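Predicted model only: the values in this text are computed from it and were never measured. Lettering of chains follows the sequences in order, A, B, ..., and the numbering in each one begins at 1. Excluded from the calculations below are hydrogen atoms, water molecules and symmetry mates; all remaining heavy atoms, backbone and side chain alike, are included.
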Protein chains: 2
Amino acid sequence: MGVTIKDVAKLAGVSAGTVSVVLNSKTGVSEKLRENVMRAIATLNYHPDHIARSLRVRRTNTLGMVLPQINTMFFGQVLRGAGDEALREGYSIFICDSNADVAQEQRHLATLYARRVDGVLLASAEVYFHRPEGAGREIPIVFFDRIPSGRRGPAVTTDNSEGAQEATNHLISLGHRRIALISGPLSISTGFERAEGFRRAMGAAGLPVREELFLCGDYMLEGGYRCAKELLSLPVPPTAIIAANEEMTMGLIQALADMGIPCPERVSIIGFDDLVTGPNGFSLATMFVPKLTVVAQPGYETGKVAVRTLLQNIGDIERKQEQEEGIIRLPAELRVRGSTAPPLR
Amino acid sequence: MGVTIKDVAKLAGVSAGTVSVVLNSKTGVSEKLRENVMRAIATLNYHPDHIARSLRVRRTNTLGMVLPQINTMFFGQVLRGAGDEALREGYSIFICDSNADVAQEQRHLATLYARRVDGVLLASAEVYFHRPEGAGREIPIVFFDRIPSGRRGPAVTTDNSEGAQEATNHLISLGHRRIALISGPLSISTGFERAEGFRRAMGAAGLPVREELFLCGDYMLEGGYRCAKELLSLPVPPTAIIAANEEMTMGLIQALADMGIPCPERVSIIGFDDLVTGPNGFSLATMFVPKLTVVAQPGYETGKVAVRTLLQNIGDIERKQEQEEGIIRLPAELRVRGSTAPPLR
DNA sequence: TTGAAAGCGTTACCAG
DNA sequence: CTGGTAACGCTTTCAA
């Protein structure tokens with residue numbers, strides 16, 4: 001069926017090796033020969049077999065990406081950034097949704113390894129990362145968003161601590177003192193760091209972090225909803241609430257609506273992530289009433305930088321150079337909108 | 001570096017071919033031999049090379065998916081459905097964002113063909129589809145969401161006409177007569193079909209489709225915004241507006257907000273697509289004020305069915321059977337919420 | 001039931 | 001600068 005390099009060689013009256021040289025090296029071929037070969041390629045409509053090439057050169061120009069949730073706005077942005085950068089560099093990406101499940105993540109990783117991807121982008125469901133069982137070979141990994149302990153390799157994430165601090169400081173400067181955090185799991189790096197930024201800002205302002213105002217959610221909508229209800233049912237409820245990720249922010253808003261608590265009059269809220277959708281960077285946070293004050297994460301940039309870092313490391317390994325191992329923290333940005341206001345009285 | 005099938009064979013004291021048989025056929029191997037080989041595999045930590053295997057068997061267990069916009073709620077759902085189904089069947093998916101650009105789509109398709117994917121899932125940016133230039137081989141394609149004319153091969157999409165009819169009928173039954181449509185491009189099948197459903201419902205009710213109330217947008221937020229403003233600035237504005245996709249719905253809502261027009265008091269609105277995010281099927285449409293009445297599309301199911309159909313066709317080709325060529329229309333569902341109400345007076 | 005050998009479509013090495 | 005030949009790691013005949 002398929003037309004191979006040999007067919008081209010035959011038609012052009014040269015050897016297969018020569019065709020390969022024409023195809024792969026810019027130089028070292030007489031102009032006449034090159035034209036000859038190119039014509040044969042065109043008439044036969046030849047397309048090199050990427051699989052055969054991969055087998056031979058031991059490089060697939062393929063990346064694997066596994067993340068805990070494919071259809072959220074944040075990861076949607078990451079996907080775009082990663083895809084754009086990969087395309088630019090001639091790489092394709094296998095995208096795998098682990099469903100935040102460790103077993104599924106392992107399964108995906110095993111598949112990716114078997115497929116000989118050149119590198120992996122990983123937002124791991126695991127708290128402590130061990131390389132996939134029996135990978136055989138070492139494949140460069142770049143962690144993004146959440147960074148498991150025990151990792152080896154570079155990571156790119158948002159400056160979560162700084163972002164949470166800014167959010168908290170904003171509330172403090174508005175005059176809030178009873179500020180609550182619906183935190184993510186402290187076992188996940190982003191959850192821990194955001195909690196830590198919150199604590200630091202509170203501490204710096206001489207405000208106590210009351211136990212009943214510091215609730216750990218699970219990064220899921222339902223958890224955020226539950227925590228919000230708990231907070232708002234307190235004898236003395238908080239005057240401001242920060243939710244530590246996009247889904248819990250929705251839960252929080254729903255709880256407010258269900259309980260009929262006006263925002264920002266009775267309680268100010270800040271979400272994490274700007275709920276950006278579509279290619280033009282439109283924020284859904286502006287469609288809520290009131291418009292949501294948020295800490296925006298640079299999702300697109302995260303994907304882009306993660307791919308760039310991974311490609312860099314792949315290159316370094318080939319050149320047997322030292323690889324990057326550090327954590328790259330992309331800046332978060334507080335976007336003040338209508339959901340935050342000074343507390344009553 | 002990597003441990004190969006030969007290493008396993010050597011350790012187990014058999015030939016490479018035998019190891020392959022043990023690995024790939026359930027039967028025809030003595031129990032003792034099998035155990036022997038398996039032990040060798042375990043101790044060596046051997047993992048078959050998927051690339052080499054693909055080259056030999058001329059099948060990659062890989063699918064390509066190209067879509068015009070990766071980070072929208074609708075396609076996010078499709079991605080999940082497709083990914084889940086592919087995983088179940090042992091396939092991996094290359095996901096490619098064409099950015100709704102024909103040239104980029106062609107580029108992606110060429111890459112996918114070179115990589116010898118077993119099949120392609122395509123939400124095409126092209127109105128008239130031609131197979132990618134010089135694909136060499138015929139690869140099965142399943143179209144999803146939008147269906148270009150000139151296609152060959154099956155397609156799965158929402159029952160757009162029916163969905164638009166239901167939406168229109170709902171408004172009519174509420175008493176609306178001046179109903180406007182912010183349509184998608186009529187060159188795109190989904191746009192055309194939704195417009196057609198709208199027309200049909202209006203016709204059946206004996207209502208005219210006024211020219212000034214039938215605007216063609218571009219499926220983008222800005223376009224929806226512009227159309228909405230135009231409609232609402234009319235001397236006699238419509239009492240109800242339907243927007244034909246998710247981004248134009250946002251544009252419509254924004255226009256309403258900017259112009260300070262109360263919904264549903266002064267104008268009722270219906271969006272297309274339910275803005276579902278996350279794994280639990282949570283609809284963002286419920287977070288707007290008022291909650292949005294929408295025509296929901298079964299995005300997850302679309303992805304799932306598309307993959308299933310594609311795999312079916314791949315199998316049929318191998319068995320040299322006739323392949324499916326029809327259009328599968330998944331039902332749309334009207335979800336009535338707060339943004340639709342009877343017109344004033 | 002098992003082994004040997006011939007490819008799958010490339011690229012890389014080594015002669016000429 | 002070009003051609004032949006040997007891999008790459010696997011599966012699949014075909015014999016034994």
task: Check step by step if side chain to side chain contact (heavy atoms under 4.5 Å, CB included) holds for I41(A) and L23(A).
output: CA-CA 10 Å; I41(A) 287 178; L23(A) 240 35; 3.5 Å; yes
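Per the geometry, NZ belonging to K10(B) stands 13 Å off P belonging to dG9(D), to the nearest Å. Spacing between atom CG of N61(B) and atom C1' of dC10(D) amounts to 14 Å, rounded to whole angstrom units. In this structure, N36(A) places its CG atom 15 Å from C1' of dG3(D), rounding to the nearest Å. Between E31(B) atom CD and dT2(C) atom P the separation is 11 Å, expressed in whole Å. Rounded to an integer number of Å, the gap from I51(B) CD1 to dT10(C) P is 14 Å. If you measure from atom CZ of R115(A) to atom P of dC8(D), you get 23 Å, rounded to the nearest angstrom. Going from atom NE2 of H47(B) over to atom C1' of dC10(D) covers 16 Å, rounded to whole Å. Per the geometry, CG belonging to L23(A) stands 12 Å off P belonging to dA12(C), to the nearest Å.
The base of dT10(C) does not come close enough to the side chain of R56(A) for any donor and acceptor atom to sit less than 3.5 Å apart. For R53(A) against dT10(C), no side-chain N or O and base N or O form a donor-acceptor pair under 3.5 Å.
Residues G17(B) and A16(A) both approach DNA chain C. Their nearest nucleotides, taken by heavy-atom distance, put G17(B) toward the 5′ side. Heavy-atom nearest nucleotides on DNA chain C were determined for S15(B) and for L55(B), and the one closer to the 5' end corresponds to S15(B).
Considering only side-chain atoms of D49(B), the nucleotide from dC10(D), dG3(C), dA12(C) that sits closest is dC10(D). For R58(B), counting side-chain heavy atoms from C-beta on, the closest listed nucleotide (dT11(C), dT11(D), dC8(C)) is dC8(C). Comparing atom distances between the V21(B) side chain and each of dG3(C), dG9(D), dT12(D) picks out dT12(D) as nearest. With distances taken from any side-chain atom of L33(A) to the nucleotides dG3(D), dA6(C), dT2(D), the minimum falls on dT2(D). Ranking dT12(D), dC10(D), dG3(D) by closeness to the T18(A) side chain, first place goes to dG3(D).
Looking at R116(A) and D49(B), a side-chain N of the basic residue comes within less than 4.0 Å of a carboxylate O on the acidic one, giving a salt bridge.
The main-chain N or O of R107(B) is found under 3.5 Å from a side-chain atom of T111(B) such that the two form a donor-acceptor pair. Judged by distance alone, with hydrogens and angles left aside, the side-chain atoms of D118(A) form a donor-acceptor pair with the main-chain N or O of N61(A) at under 3.5 Å. With hydrogens and angles disregarded, a donor-acceptor distance shorter than 3.5 Å links the side chain of S98(B) to the backbone of L67(B).
Within the 4.0 Å cut-off from OP1 or OP2 of dT11(C), at least one side-chain nitrogen or oxygen of S20(A) is found.
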